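Take a look at the structure below.
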Amino acid sequence: MMINIAKPQMGKEEKEAVLEVLDSGIIAQGPRVKAFEEVFAEMCGTKFAIATSSGTTALHTALLAHGIGEGDEVITSPFTFIASANSILYTGARPVFVDIDPVTFNIAPEMIEAAITDKTKAIMPVHLFGLMCDMDAIVAIAEKHELIILEDAAQSHAATYKGRAAGSLGTGAFSLYPTKNMTSAEGGMITTNDEDYDGECRIIRQHGMRRRYYHDDLGFNFRMTDIHAAIGLEQLKKLPAFNETRQRNAQFMSEHLQGVVAPTEPEGYGHVYHQFTVRVPDGKRDALIEHLQAKKVGVGVYYPVPIHQQSYYVNELGYNVRLPEAERAAAEVLSLPVHPALSMADLETIVSTVNEFFE
Ligand SMILES: *Cc1c(COP(=O)(O)O)cnc(C)c1O
């Protein structure tokens, strides 16, 4: 039987919660969304959380609520899911890509300052694969240059940096897509400590409406439904156990894998292993993928093309930069299953299948 790369964990709690909403008569955004926002903010250690229809709309709303738009630049990582950068494009602003650290795969803070111009409004660190960015360095740069920090925390629910949760060191944006560490089927969350900013996000989410059917600004329908929130509420209760299992699975694989470079968990960081991403040296990555697929071990490549080399960015937007570490990572990385549904036998199969390739 195939060992899948991801497997959403839906129990009877989620099923019952959905049925309760269907019977309640309030199925669009209502009391469950409000309750979900409250517990999500608590999990992040922030005062407020705003639920949205997806991680992408959370990022888009978060940027708009900071007043980012045409003529602005936002610094981010080229080695991430396309939504990080596309959300910047939606506002009319331009993503400026800074190369990554080869060990953590996250944006290299020492290279950020050289990319700052008088158009730069924000830095969007992406906490990739469940490991947070070097936030002390990023916060120091942002303070010095008076820049906004928008954390793309789509892959890092409850990840920590020096005891602080993802989404609490700047404005946070999360995805609740089924493959993420927790899900609401589709959904997103914005986190903040600023009451005015919280209000601004809510207005953008609801067609720019401050007073019922009076529209002073252009907004969107980016609302979450109570059906999605009901799933999210149950998933949030299970998140600590999900993350602990991911960490245990990662530890087992790191201890036993040969021939590949396992992920690192630097001192002071709480890695939540959204992905267990290894580096395969010597051009053997694609051959290892074939070997794993033949043995029915699920495998993913996140991401095969860095954003500055995606054809839309090159051909339509004219990007023409070289970011050697992001490009090398795209050619060398491979992610192995690490999700909470893996059995001990699955983990042993994953490890032995990789190791036999190198023997
Ligand atoms: C999943 C993801 C998003 C987008 O979230 P959706 O819920 O799929 O819209 C944004 N950024 C990163 C890094 C992601 O992994």
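It should be emphasised that the depicted structure is a prediction, and the values quoted were computed from it without experimental measurement. Whatever order the structure lists them in is the order used to number ligands and atoms, beginning at 1.
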Next on the checklist: Around atom CZ of Phe48, are there more than 12 heavy atoms from other residues, nucleotides or ligands closer than 6.0 Å?
Outcome noted: yes
Next on the checklist: If we check salt bridge (Lys or Arg N to Asp or Glu O under 4.0 Å) with Glu37, which of these qualifies: Arg32, Arg205, Lys47?
Outcome noted: Arg205
Next on the checklist: Does atom CD1 (Ile148) have a neighbourhood of more than 12 heavy atoms from anything else shown, all under 6.0 Å?
Outcome noted: yes
Could you give the N/O to N/O pairs under 3.5 Å linking ligand 1 and the protein, each with its distance?
{"residue": "ligand 1", "atom": "5 (O)", "partner": "Ser175", "partner atom": "OG", "Å": "3.2"}
{"residue": "ligand 1", "atom": "7 (O)", "partner": "Gly55", "partner atom": "N", "Å": "2.8"}
{"residue": "ligand 1", "atom": "7 (O)", "partner": "Ser175", "partner atom": "OG", "Å": "2.6"}
{"residue": "ligand 1", "atom": "9 (O)", "partner": "Gly55", "partner atom": "N", "Å": "3.3"}
{"residue": "ligand 1", "atom": "9 (O)", "partner": "Thr56", "partner atom": "N", "Å": "2.8"}
{"residue": "ligand 1", "atom": "9 (O)", "partner": "Thr56", "partner atom": "OG1", "Å": "2.5"}
{"residue": "ligand 1", "atom": "11 (N)", "partner": "Asp152", "partner atom": "OD1", "Å": "3.3"}
{"residue": "ligand 1", "atom": "11 (N)", "partner": "Asp152", "partner atom": "OD2", "Å": "2.8"}
{"residue": "ligand 1", "atom": "15 (O)", "partner": "Gln155", "partner atom": "NE2", "Å": "2.8"}
{"residue": "ligand 1", "atom": "15 (O)", "partner": "Lys180", "partner atom": "NZ", "Å": "2.9"}

Item to check | Sole candidate of Val338, Ile350, Ile5 that passes side-chain contact (heavy atoms from CB on, under 4.5 Å) when paired with Phe276 | outcome: Val338
Quiz: residues 279-286 side-chain donor-acceptor pairs under 3.5 angstrom, not counting sequence neighbours:
{"residue": "Arg279", "atom": "NH1", "partner": "Glu332", "partner atom": "OE1", "Å": "2.9"}
{"residue": "Arg279", "atom": "NH2", "partner": "Pro102", "partner atom": "O", "Å": "2.8"}
{"residue": "Arg285", "atom": "NH1", "partner": "Ala330", "partner atom": "O", "Å": "3.1"}
{"residue": "Arg285", "atom": "NH1", "partner": "Val333", "partner atom": "O", "Å": "2.7"}
{"residue": "Arg285", "atom": "NH2", "partner": "Ala330", "partner atom": "O", "Å": "3.2"}
{"residue": "Arg285", "atom": "NH2", "partner": "Ala331", "partner atom": "O", "Å": "3.4"}

Next on the checklist: Checking the side chain of Thr76 only, and the main-chain atoms of Ala85 only, is there a donor and an acceptor separated by less than 3.5 Å?
Outcome noted: no
